[in-house]
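The basis for the numbers below is simple: all heavy atoms, side chains too, and nothing from hydrogens, waters or symmetry mates.
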Amino acid sequence: IVDPAILQKIKAILHEYAGDFTERLFQNQLKNQNIKADELHEEDVRRVILALSKATSMIVGRSKGRELSKRLTDLVK
């Protein structure tokens, strides 16, 4: 089980890329991926990172989406 505080770190980094869309993107992806903060596993974190990267890349472009993915993946390592 992973410390749920990582979700706040993910959200902070996401905000740098998605700005005002951050909260909606974050909540939608947690819901879509059936992520429960109190039962957070490493696999869940990786799934939500991939989903957030894909969703964000539609807003800010593929290169920024990839950059976001790398930064978020580095959090899990």
Side-chain angles (χ1 to χ4, degrees):
I1 293 191
V2 179
D3 183 357
I6 196 166
L7 293 176
Q8 295 309 313
K9 293 176 185 175
I10 288 172
K11 192 189 289 188
I13 292 172
L14 178 63
H15 188 267
E16 295 175 30
Y17 293 85
D20 294 339
F21 295 104
T22 300
E23 191 62 35
R24 175 165 281 167
L25 276 172
F26 190 76
Q27 293 304 323
N28 285 348
Q29 293 310 319
L30 287 181
K31 183 179 177 184
N32 291 346
Q33 300 299 320
N34 295 316
I35 305 294
K36 296 180 179 80
D38 55 340
E39 298 175 20
L40 194 61
H41 297 275
E42 189 172 330
E43 177 186 318
D44 297 331
V45 175
R46 292 187 189 283
R47 259 194 0 256
V48 81
I49 286 172
L50 180 61
L52 286 169
S53 298
K54 286 182 179 180
T56 304
S57 68
M58 289 193 279
I59 297 169
V60 298
R62 290 174 66 187
S63 62
K64 288 288 186 184
R66 273 189 238 119
E67 183 180 308
L68 171 65
S69 180
K70 181 174 177 358
R71 286 187 63 196
L72 294 179
T73 302
D74 287 346
L75 282 177
V76 182
K77 291 182 180 177

Show the nearest heavy-atom pair for residues R46 and E42, with the distance to one decimal. NH2-OE2, 2.7 Å

Check L25 against A55 and note the closest heavy-atom contact, atom names and distance. CD2-CB, 3.5 Å

Paired with E16, the salt bridge (charged side-chain N to carboxylate O under 4.0 Å, His left out) test is passed by just one of K9, R71, K11, namely R71

Straight-line distance of S57 OG to Y17 OH, nearest 0.5 Å: 12.5 Å

Just wondering, do L30 and L7 contact through their side chains at under 4.5 Å, heavy atoms? yes

Main-chain N/O of G65 paired to S69 side chain as donor or acceptor, under 3.5 Å: no

Spacing of S53 atom OG and E67 atom CD [to the nearest 0.5 Å]: 11.0 Å

Less than 4.5 Å apart, any side-chain heavy atom of R62 and any of R66? yes

Would you check if E23 and Q27 make a side-chain contact, meaning some heavy-atom pair closer than 4.5 Å? yes

Distance from E39 atom CD to I35 atom CD1, nearest 0.5 Å? 10.5 Å

Looking only at non-hydrogen atoms, find the nearest pair between I49 and L72 and report the distance. CD1-O, 3.4 Å

Between F26 and L52, which heavy-atom pair has the shortest distance, and what is it? CA-CD2, 4.0 Å

Quick one, K64 and L68 - any side-chain contact, counting heavy atoms below 4.5 Å? no

Return the minimal non-hydrogen interatomic distance between H41 and I1, and the atom names on each side. CE1-CG1, 3.6 Å

Nearest 0.5 angstrom please: L14 CG to Q29 CD, how far? 9.5 Å

Are L50 and V2 grouped together when hydrophobic residues (ILVMFWY) are joined by side-chain heavy atoms under 4.5 angstrom apart? no

Under 4.5 Å between any side-chain heavy atoms of D74 and K77, yes or no? yes

Would a 4.5 Å heavy-atom cut-off, applied to side chains only, mark V45 and I10 as touching? yes

